[in-house]
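In each ligand, atom 1 is the first atom listed, and ligand 1 is the first ligand listed. This structure is a prediction, so every number in the text was calculated from the model and none was measured.
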Amino acid sequence: MAKTALVISAHSADFVWRCGGAIALHASKGYEVSVICLSYGERGESAKLWKNEGMTLEKVKAARKIEAENAAKALDVHDIQFFDLGDYPLEVDRDAKYRIVDVIRKVQPDFMLSHSKWDPYNTDHMYATQVALEARMIAQAWGHNPGEKVLGAPQLYLFEPHQTEQMEWKPDVFLDISPVWDKKWAAIQCMEGQEHLWHYYKNVAENRGNHFMRNSGGQSGGRKSTHAEGFQSVFPRTVDEL
Ligand SMILES: [Zn+2]
């Protein structure tokens, strides 16, 4: 059976900026990577689309869906689901949480990805992580839909937020995404409604590539990386050797 991963994205573009490289890289290694977009980011993250004449909420959502589907294709996403729960504010009720749990149990991810735990600029982001943790917990509960396969203990990696220092986010993993940077760059350019972020996230990837090299040995044997992504892990790893 293929290894799997699951991304829980508050809005329909977050998975592209923040972990598009991880998605494409793991897809290239044979993982089936699934993505849940809890909303389209139609109200809060589509400013450029709203500047067009005659825009409505439904038109913005439709445009954002197409952009996200194109980006998912560029990244070789196995499955993308849109929960359409609304944004600014995102609200996830009990039924929607159970729908997320259903996906988690079906996918049985080897690892999960979501937002930073703190984001005072965008509470949808930190709320999505709260929901991801709740859904992970429910998926592990033997008393939830007894008879289904319960979840193990996949790591939850918090991907890089905007303005990292304000988010109490500190990476403890750097992933070299140099081999798939072209795919991430193509996916970024699918997000036409947020063109103002394209070069910002190219820069982030280049800087993290430098940190990858520094932390893998720097000039005394470090591995060169042109682009990388940083993650903060929530849970400890269990190991036999350090
Ligand atoms: Zn977002």
Side-chain angles (χ1 to χ4, degrees), residues 5-24 33-51 55 57 60-72 74-75 77 80-92 96-97 100 103 112-135 156-169 171 184-185 187-205 208 229-232 234:
L6 177 65
V7 183
I8 298 183
S9 181
H11 311 109
S12 64
D14 290 314
F15 71 94
V16 179
W17 321 114
R18 312 190 189 292
C19 65
I23 292 171
V33 184
S34 299
V35 177
I36 295 174
C37 294
L38 296 175
S39 78
Y40 295 104
E42 61 271 20
R43 284 156 46 89
E45 297 188 0
S46 306
K48 195 178 160 204
L49 293 171
W50 281 110
K51 287 174 189 164
M55 268 298 165
L57 205 57
V60 172
K61 277 158 65 166
R64 292 281 290 178
K65 182 165 189 274
I66 290 167
E67 288 181 359
E69 283 171 341
N70 288 339
L75 298 171
V77 165
I80 183 163
Q81 297 192 28
F82 300 94
F83 276 39
D84 192 14
L85 297 170
D87 72 323
Y88 286 64
L90 171 67
E91 287 175 335
V92 185
K97 284 176 189 169
I100 299 168
V103 175
M112 296 169 61
L113 290 152
S114 197
H115 296 260
S116 56
K117 275 193 272 191
W118 175 243
D119 187 339
Y121 297 89
N122 194 319
T123 57
D124 288 1
H125 289 166
M126 60 185 191
Y127 179 60
T129 295
Q130 176 62 33
V131 168
L133 282 167
E134 277 184 52
L156 177 65
Y157 290 106
L158 309 180
F159 44 58
E160 181 153 3
H162 211 73
Q163 303 191 75
T164 55
E165 298 86 346
Q166 312 301 323
M167 313 298 190
E168 299 175 9
W169 178 91
K184 179 164 180 176
W185 184 237
I188 282 176
Q189 292 174 87
C190 292
M191 309 321 293
E192 291 169 21
Q194 288 167 293
E195 202 178 336
H196 60 290
L197 292 176
W198 293 5
H199 281 275
Y200 179 87
Y201 280 101
K202 183 168 177 281
N203 263 328
V204 169
R208 293 307 183 192
E229 285 173 344
F231 299 97
Q232 180 179 349
V234 173

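- With rounding to the nearest 0.5 Å, the separation of SG in C190 from CH2 in W198 is 8.5 Å.
- Ring pair H125/F159: centre-to-centre distance not below 6.0 Å.
- Within the 4.5 Å cutoff, the side chain of W169 has no heavy atoms near those of the H115 side chain.
- Looking at residues two or more places apart in sequence or on another chain, you find a side chain to side chain contact (heavy atoms under 4.5 Å, CB included) between A13 and W17, R64, M191, Q194.
- Proximity of the aromatic rings of H11 and Y40 is defined here by a centroid distance below 6.0 angstrom, and this criterion is not met.
- Side-chain contact of Y127 with D119: a donor-acceptor pair under 3.5 Å is absent, judged by distance alone.
- Around the Zn ion (ligand 1), protein N, O or S atoms at less than 2.8 Å comprise H11 ND1, D14 OD1, D14 OD2, E45 OE1, E45 OE2, H125 NE2.
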